[in-house]
Amino acid sequence: MRRATHLGFVAAAVFTVMVLVAAVPFWLNRSVNVMLAQARAELLAQQRLDDILTSVRDAETAQRGFIVTGNDAFLEPYEQARRTLPGALHEAKEKARTDAERATVWRISRLVDLKLAELDETIQLRRHAGFEAAERVVSSLRGKLYMDELRRIVAAEQVRGKARRDALRADLLARSEKSFYVSVAATAANILVLGVLLLVVTRVLRERRAAAAQLEAQAGELAQAVALTTRHNRELTVVAELLRAVDAVPSVAAAGLVLARAMPKLLPGVAGTLFLLRDDDNQLDREAQWGTPSDQPPVIDIDACWALRHRARYRTAGHGEPACAHYRTPVDDAPGRLCIPLVTHDDLLGMLHLEGLATGPGQDEQERVAVTIAEQFALALGSARLRESLRRQSVLDPLTGLFNRRHFDAALKRELARARRKNVPVSLVLVDIDHFKRVNDDYGHAVGDAVLRTIAQQLRQGIREGDVACRYGGEEMVLLLPECAAADARARAEAIRVALATVTPNPEGEGPERITASFGVASYPVHAQDAESLFWAADKALYRAKQEGRNRVLMGA
Ligand SMILES: Nc1nc2c(ncn2[C@@H]2O[C@H](COP(=O)(O)OP(=O)(O)OP(=O)(O)O)[C@@H](O)[C@H]2O)c(=O)[nH]1
């Protein structure tokens with residue numbers, strides 16, 4: 001704004017200077033014109049006097065011719081002079097510019113009148129009194145005196161006029177010269193001023209252009225920063241949602257599905273596969289996939305991936321770079337791959353394999369997003385794993401891997417309530433190893449534990465999905481069989497009993513050659529109506545089985 005005001009002042013000043021400079025030659029030209037007009041008027045005045053003198057002279061010549069010849073034809077110029085001279089004299093008087101001029105014209109006018117009167121007199125004499133009478137008047141030299149005086153005055157006036165004209169011409173020449181130099185100087189000054197103005201305007205425009213370019217660049221940077229922040233915020237929101245969702249999942253496997261749903265939002269157009277490390281193993285399972293990934297094996301070894309081996313991300317952009325063993329398609333056919341190990345607290349949890357990442361500009365940005373997701377997901381996954389492990393520990397028996405008594409009590413109540421609601425049966429099978437004390441005594445507790453694990457394995461194998469096998473306490477175990485009537489429960493217990501007698505109790509070392517167990521079966525609604533009575537009925541049947549010689553299945557009463 002201030003710069004614009006300055007520019008306005010400069011323009012106004014330049015305009016004023018230019019007007020003044022242009023006015024000087026104009027003024028000089030004007031004075032030259034005045035002088036020219038003066039010179040012209042001078043010439044005209046002289047011309048008028050010359051014309052008057054010439055007319056008088058012609059009239060005198062005509063008088064002489066008439067007097068000599070008496071022929072009227074000679075009088076024509078005289079008549080002409082008498083007609084024109086009054087007008088010429090009048091005009092001369094009118095146009096006289098100074099008092100001196102006016103006085104001179106008056107004197108001439110009087111002499112012309114006298115001369116014309118003398119001519120008139122002589123002509124009349126010649127006409128009426130003859131040649132001699134006219135000759136006498138002419139010879140008196142009165143007319144000659146008039147003419148001489150008239151010539152003298154006009155000649156003097158000519159001399160004065162010429163002097164005035166010469167002075168005017170000299171002045172005119174001097175002024176023309178001055179006017180020329182002033183014009184040249186004015187033009188030069190104008191060019192100079194215009195040049196300065198042009199310079200100032202160019203500079204101002206250049207500065208404005210630079211300022212505009214700077215503003216444009218700043219606006220561009222700002223827009224980029226805003227876009228980046230918006231994108232980061234969007235990413236943060238999605239990552240936060242992802243973490244919240246992973247936090248709420250019931251199992252580590254479900255966390256993979258949550259990731260597969262979030263990834264297309266975070267890295268659009270990028271396909272991927274999530275591999276998760278098995279517990280106590282060097283193998284990873286393909287847990288989830290999104291986009292249109294290339295063929296990936298369902299199970300991979302840690303050694304199959306550069307990223308897993310080195311615990312650092314590994315990128316292949318194509319062009320013959322070494323491929324990971326889990327790539328089933330050549331590197332060049334699926335460029336822009338990135339393997340990121342999922343690590344938390346130095347524990348390897350899995351690996352994120354991404355495909356179709358940018359290989360040119362935008363590569364770093366995508367990789368940054370991918371690494372952020374992998375880091376955050378690994379943390380969330382670690383927590384999910386821990387939660388899952390704690391949950392398992394709270395319901396599982398650590399020695400056998402069967403559910404513990406707390407879980408059994410809750411499951412029994414739940415299944416009984418459901419059986420009542422749905423009007424279906426539910427059965428319990430109590431299992432007690434026969435003479436287990438002897439195993440401990442003969443081979444030690446470690447072998448006893450191994451035998452317990454073998455039997456637990458047999459129980460797990462002998463039941464359906466949805467059935468619950470628990471270690472109730474010591475060497476006593478229980479099977480909860482939902483929607484299973486008494487006869488079916490008995491048959492199932494019998495099958496387990498028979499199978500048990502055929503397995504090696506401790507496949508890892510020494511121990512008894514075979515082991516047997518006794519089974520007590522009770523069912524809702526035939527043997528009892530509530531949890532406690534049902535358990536009690538099964539326990540009584542088990543007791544009877546022991547009493548009757550062990551290694552048998554007995555039904556509740
Ligand atoms: N090794 C091992 N032994 C256990 C465990 N829990 C209970 N026992 C043992 O199991 C044995 C149970 O013995 P008893 O209840 O006398 O019965 P039994 O020897 O199996 O004889 P019957 O049941 O009458 O056939 C005890 O010696 C307990 O110490 C366990 O977790 N590990």
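- Just one residue in the list V395, T400, V478, L480 forms a side chain to side chain contact (heavy atoms under 4.5 Å, CB included) with C470, and that residue is V478.
- In this structure, V553 and V521 have side chains that are in contact, with non-hydrogen atoms separated by less than 4.5 Å.
- Between A493 and V429 the shortest heavy-atom distance is CB-CG1, 3.8 Å.
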Q: Please test W290 against L354 for side chain to side chain contact (heavy atoms under 4.5 Å, CB included), starting from the C-alpha separation and ending with a verdict.
A: CA-CA 10 Å; W290 55 94; L354 301 174; 3.9 Å; yes

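- The closest side-chain heavy-atom distance from V431 to E475 is not below 4.5 Å.
- The aromatic rings of Y327 and H353 sit tilted relative to each other, their planes meeting at an angle between 30° and 60°.
- Under the 4.0 Å criterion applied to side-chain N and carboxylate O atoms, K422 and E483 are assigned as salt-bridge partners.
- Distance CZ/R550 to CD1/I433: 12.5 Å, rounded to 0.5 Å.
- For the atom pair L274 CG and M263 CE, the distance stands at 9.5 Å (nearest 0.5 Å).
- Looking at R315, its side chain never comes within 3.5 Å of a backbone N or O of R337 through a donor-acceptor pair.
- Between L402 and L459, the shortest heavy-atom contact is CD1-CD1, 4.5 Å.
- Separation of atoms CD (E355) and OG1 (T316) is listed at 9.0 Å; rounding is to 0.5 Å.
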Q: Check the pair L284 / L308 against side chain to side chain contact (heavy atoms under 4.5 Å, CB included), numbers first and verdict last.
A: CA-CA 10 Å; L284 293 93; L308 289 171; 3.6 Å; yes

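- Side-chain contact between V426 and L481: absent, with no pair of heavy atoms (C-beta onward) separated by less than 4.5 Å.
- Not a single donor-acceptor pair under 3.5 Å links the side chain of R311 to the backbone N or O of A307.
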**Q.** Pair N233-T230, side-chain hydrogen bond (donor to acceptor under 3.5 Å, both in side chains): steps then yes or no
**A.** CA-CA 5 Å; N233 281 344; T230 311; 5.9 Å; no

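- Separation of atoms SG (C339) and NE2 (H310) is listed at 11.5 Å; rounding is to 0.5 Å.
- Taking the six-membered ring for Trp, F403 and Y472 have ring centres at least 6.0 Å apart.
- Contact check for R278 versus D285: side-chain heavy atoms found under the 4.5 Å cut-off.
- Residues L277 and Q283 fail the side-chain proximity criterion, which asks for heavy atoms closer than 4.5 Å.
- Atoms CZ and CZ, on R492 and F519 in that order, are 12.5 Å from each other to the nearest 0.5 Å.
- Electrostatic pairing of D397 and R405 does not count as a salt bridge here, judged by no charged N lying under 4.0 Å from a carboxylate O.
- Under a 4.0 Å N-O distance rule, the pair R203/E207 qualifies as a salt bridge.
- Contact record, A288 with G256: CB-O, 3.4 Å, taken as the closest heavy-atom pair.
- Note that CG of L198 is 9.5 Å distant from CG of L205, once rounded to the nearest 0.5 Å.
- Using modelled atom types, no side-chain atom of R460 and backbone atom of A469 make a donor-acceptor pair closer than 3.5 Å.
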(Q) side chain to side chain contact (heavy atoms under 4.5 Å, CB included), that's the test. Do R514 and T504 meet it? Break it down for me. (A) CA-CA 6 Å; R514 80 188 266 273; T504 307; over 6 Å; no

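- Side-chain contact annotation: R544 with Q547, donor-acceptor N/O pair under 3.5 Å absent.
- The two residues A531 and L412 come nearest to each other via the heavy atoms CB-CD2, 3.7 Å.
- Between D364 and R368, every side-chain heavy-atom pair lies at or beyond the 4.5 Å cut-off.
- Crowding of K540 atom NZ: a count of heavy atoms from other residues, nucleotides or ligands under 6.0 Å not exceeding 12.
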Q. Passes salt bridge (Lys or Arg N to Asp or Glu O under 4.0 Å), D449 versus R453? Steps please.
A. CA-CA 6 Å; D449 286 353; R453 278 195 292 271; 5.4 Å; no

(Q) Before you tell me yes or no, could you show the steps for R497 and N551 under side-chain hydrogen bond (donor to acceptor under 3.5 Å, both in side chains), namely the whole-Å CA-CA distance, both residues' side-chain angles and the distance that decides it to 0.1 Å? (A) CA-CA 7 Å; R497 187 190 69 78; N551 192 18; 2.9 Å; yes

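- By the 4.5 Å heavy-atom criterion applied to side chains, L428 and F535 are counted as neighbours.
- Here the side chains of L399 and R471 are in contact, with some heavy-atom distance below 4.5 Å.
- By the 6.0 Å contact criterion, CG on N423 is open, its count of non-hydrogen atoms from other residues, nucleotides or ligands being 12 or less.
- Across G356 and V270, no two heavy atoms sit closer than the pair O-CG2, 4.0 Å.
- Proximity of a side-chain donor or acceptor of D530 to a complementary backbone N or O of E532 within less than 3.5 Å is detected.
- Put simply, the side chain of D467 never gets that close to the backbone of L479: no donor and acceptor are under 3.5 Å apart.
- N404 contributes a side-chain N or O that, together with a main-chain N or O of H407, makes up a donor-acceptor pair within less than 3.5 Å.
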(Q) Determine whether I340 and Y314 satisfy the following criterion, side chain to side chain contact (heavy atoms under 4.5 Å, CB included), listing intermediate values before the conclusion. (A) CA-CA 7 Å; I340 310 175; Y314 179 68; over 6 Å; no

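- A side-chain donor-acceptor contact under 3.5 Å links T454 to the backbone of P505.
- Listed for the Q529 side chain is a donor-acceptor partner under 3.5 Å among the backbone atoms of P525.
- A donor-acceptor distance shorter than 3.5 angstrom exists from the side chain of Q366 to the backbone of A358, with no hydrogens or angles considered.
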Q: Apply side-chain hydrogen bond (donor to acceptor under 3.5 Å, both in side chains) to the pair D432 and S518, showing each step before the final yes or no.
A: CA-CA 5 Å; D432 192 289; S518 302; over 6 Å; no

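- Formation of a donor-acceptor pair under 3.5 Å by the R464 side chain with backbone atoms of P482 is found in this model.
- Results of the side-chain hydrogen bond (donor to acceptor under 3.5 Å, both in side chains) test with T273 over R286, H326, Q296, Q289 single out Q289 as the only residue that passes.
- Closest heavy-atom contact between L266 and V369: O-CG1, 4.1 Å.
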